[in-house]
Student: 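Before I ask anything, here is the structure I am working with.
These figures come from a predicted structure and were not determined experimentally. Note: hydrogens, waters and symmetry copies are ignored here, and every other heavy atom, side chains too, is used. Below, chains carry the letters A, B, ... as their sequence lines are ordered, and counting in each starts from 1.
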2 protein chains.
Amino acid sequence: MSIRNPKQALYEQFATVAKALGNPQRLELIEHLGQGPRSVDLLAMKLGLPIANVSQHLQSMRRAGLVSAERDGKFVNYRLADESVLAAFASIRTVAERHLAEVDRIVRGYFDARDDMEPVAREDLVQRMRDGLVTVLDVRPPDEFARGHVPGAINVPLGDLESRLQEIDPALEVVAYCRGPWCVMSFEAVAALRARGISARRLEDGLPEWKAAGMPVEITA
Amino acid sequence: MSIRNPKQALYEQFATVAKALGNPQRLELIEHLGQGPRSVDLLAMKLGLPIANVSQHLQSMRRAGLVSAERDGKFVNYRLADESVLAAFASIRTVAERHLAEVDRIVRGYFDARDDMEPVAREDLVQRMRDGLVTVLDVRPPDEFARGHVPGAINVPLGDLESRLQEIDPALEVVAYCRGPWCVMSFEAVAALRARGISARRLEDGLPEWKAAGMPVEITA
DNA sequence: ACATCATTCAACGTAATTATTGAATGACAA
DNA sequence: TTGTCATTCAATAATTACGTTGAATGATGT
């Protein structure tokens with residue numbers, strides 16, 4: 001565009017990407033697209049937003065290099081540009097979890113709303129797995145699951161949970177986890193399972209902490 | 001604050017962080033703060049911006065949890081909240097590098113032949129230093145050099161390069177670095193050296209990344 | 001007390017972002 | 001062709017972000 005100094009120009013490009021991530025609706029879109037390609041109106045339904053609105057958000061994300069679009073009949077399927085977009089989201093979430101007191105406050109409010117959401121400690125989980133008392137549920141997208149997960153866990157991404165309920169033994173308690181202590185997906189999973197009468201709790205934190213604590217990690221070849 | 005659903009509220013918090021990263025000036029501030037704590041007016045001088053402007057940017061970054069401030073006499077020193085902020089910056093940069101053609105265009109504007117500007121990996125540099133094959137050149141200003149640099153590096157700020165060419169052994173290859181992977185100064189240094197027939201390449205990234213990778217750092221007393 | 005210096009605040013105008021609406025486009029099927 | 005459906009475009013109004021200015025605050029030293 002301009003013949004400005006390239007340093008500034010590069011920072012502007014980086015800022016473009018960050019700006020595209022700087023909107024709650026777009027982040028929610030990314031989380032959905034993290035599960036796979038989706039059409040505009042399906043996303044609009046999931047978010048409960050007007051289609052035109054979602055379309056505009058997706059287009060601004062495409063301009064920023066976050067997603068790509070491909071026409072399929074009368075649908076347009078958007079998908080994440082690659083896994084680096086999820087990585088960027090994850091790193092932003094990490095900053096927020098560590099440094100925004102508000103995040104902590106919101107999560108605590110969530111706890112209170114759901115009376116018995118006592119998380120399961122790592123050691124407890126190991127014991128209960130050994131005793132065959134629990135189903136361990138990894139609700140992250142498959143690519144993240146493939147790169148490392150709690151041994152014996154089954155992978156049902158949050159978006160697929162409803163359609164794959166039959167894979168879960170209703171006689172056992174479910175322990176769900178995802179990316180981190182305040183990762184929303186595991187909250188949602190627990191809420192969804194309880195709504196269907198399945199006993200469920202969250203692991204006290206996510207896979208990064210599990211790994212950091214020196215616990216075993218299984219990798220899908 | 002609001003009695004909205006907590007999922008939305010969390011996304012808003014994450015968006016707050018991304019939004020704070022979504023401005024070229026603030027990204028440049030982060031790159032400077034990646035080297036260590038800095039006062040407001042020092043940063044203002046480095047960026048060539050009004051102090052009030054920089055102060056406001058820093059405050060918005062503090063509200064987003066990216067930096068913290070600490071008073072020291074009549075100065076206020078800002079520092080990055082922790083290394084996760086640099087990680088977030090890096091991941092955004094990765095997305096931009098991979099998916100924004102404009103980034104590629106800007107970088108090519110600096111170097112005609114991309115194959116020539118293959119950067120040197122950290123491990124390679126260590127090996128080549130051990131073998132006495134390279135001169136490591138830190139092209140940042142002296143104050144930044146003094147607060148930490150690659151052991152054995154010589155400090156020749158970009159502006160002094162022409163007048164201090166005799167300090168560089170033309171028999172060895174030069175590896176230049178500065179503040180980060182896209183810090184322009186090292187690009188310019190490499191171009192200047194090559195124009196004078198000295199073999200030169202860039203280190204793959206800058207000092208903050210070097211430090212973050214657990215590599216040794218030398219500090220001038 | 002007073003002056004000085006670094007930083008922040010407050011107020012302003014301009015520009016960019018956002019959601020909303022209704023019309024336009026493009027693909028498909030009858 | 002015509003109608004239908006998914007998506008995009010264009011225009012709008014409301015909100016928020018940005019940089020600039022000059023005054024206010026807070027710490028230091030005389």
Student: Could you check how far CG of N77(A) sits from P of dT7(D), rounded to whole Å?
Tutor: 8 Å

Student: By nearest nucleotide on DNA chain D, pick out whichever of D41(A) and G22(B) is the more 5' one.
Tutor: D41(A)

Student: To the nearest Å, give me how far apart CG (L47(B)) and P (dG19(D)) are.
Tutor: 11 Å

Student: Between E31(A) and F89(A), does the side-chain contact (heavy atoms from CB on, under 4.5 Å) criterion hold? Intermediate values first, please.
Tutor: CA-CA 9 Å; E31(A) 198 125 276; F89(A) 187 4; 3.4 Å; yes

Student: Give the rounded distance in Å between these two atoms: CG of L49(B) and P of dT8(C).
Tutor: 15 Å

Student: Before you tell me yes or no, could you show the steps for V150(A) and D138(A) under side-chain contact (heavy atoms from CB on, under 4.5 Å), namely the whole-Å CA-CA distance, both residues' side-chain angles and the distance that decides it to 0.1 Å?
Tutor: CA-CA 8 Å; V150(A) 172; D138(A) 186 320; over 6 Å; no

Student: Does dA6(C) have OP1 or OP2 under 4.0 Å away from a side-chain N or O of Y78(B)?
Tutor: no

Student: Give one of base, sugar-phosphate or nothing for S60(B), where a contact means two heavy atoms less than 4.0 Å apart.
Tutor: nothing

Student: Which label fits F14(B) and Y11(B): parallel for a plane angle under 30°, tilted from 30 to 60°, or perpendicular past 60°?
Tutor: perpendicular

Student: Is it true that E188(B) and K7(A) make a salt bridge, defined as a side-chain N closer than 4.0 Å to a carboxylate O?
Tutor: no

Student: For dA17(D), take OP1 and OP2 only and decide whether either is under 4.0 Å from a side-chain N or O of N23(B).
Tutor: no

Student: How close or far is atom P of dT18(C) from atom CD of Q59(A), stated in whole angstroms?
Tutor: 14 Å

Student: Output the distance between atom CE (M185(B)) and atom CG (L161(B)), rounded to the nearest 0.5 Å.
Tutor: 12.0 Å

Student: Would you find a donor on one side and an acceptor on the other, under 3.5 Å apart, between the side chain of H99(A) and the backbone of V95(A)?
Tutor: no

Student: Has S55(B) got a side-chain N or O lying under 4.0 Å from the OP1 or OP2 atom of dT8(C)?
Tutor: yes

Student: Answer yes or no: is there a donor N or O on one side and an acceptor on the other, between the side chain of R179(B) and the main chain of D205(B), under 3.5 Å?
Tutor: no

Student: Please state how far atom CD1 in I51(B) lies from atom P in dG19(D), giving the value in whole angstrom units.
Tutor: 16 Å

Student: What does the B/S/- profile of nucleotides 21-30 of chain C look like, 5' to 3', with a 4.0 Å heavy-atom cutoff to protein?
Tutor: B-----SS--

Student: Please report, rounded to the nearest Å, how far the P atom of dT17(C) is from the CD atom of E12(B).
Tutor: 18 Å

Student: For DNA chain D, which consecutive runs of 3 or more Watson-Crick or G-U pairs (each distance under 3.5 Å) count as stems?
Tutor: C:1-30 with D:1-30

Student: Only pairs at least two apart or in different chains count here, so list each side-chain hydrogen bond (donor to acceptor under 3.5 Å, both in side chains) that has a residue in residues 17-27 of chain A.
Tutor: R26(A)-H57(A)

Student: Without hydrogens or angle criteria, can the side chains of R79(B) and S68(B) be said to hold a donor-acceptor pair below 3.5 Å?
Tutor: no

Student: Please determine if a side-chain N or O atom of Q25(B) lies less than 4.0 Å away from the OP1 or OP2 oxygen of dG19(D).
Tutor: yes

Student: Expressed as a whole number of angstroms, how long is the span from E28(A):CD to dA19(C):P?
Tutor: 12 Å

Student: If we ignore hydrogens and angles and just use 3.5 Å, is the side chain of E209(B) paired with the main-chain N or O of G206(B) as donor and acceptor?
Tutor: yes

Student: OP1 or OP2 of dA19(C) sitting under 4.0 Å from any side-chain N/O of H57(A)?
Tutor: yes

Student: Nearest-Å distance, CE (M61(B)) to P (dA17(D))?
Tutor: 16 Å

Student: S39(B) has a side chain; which of dT7(D), dA19(C), dT7(C) sits nearest to it?
Tutor: dT7(C)

Student: Counting side-chain heavy atoms from C-beta on, which of dT18(C), dT8(C), dT7(D) comes nearest to F75(A)?
Tutor: dT7(D)

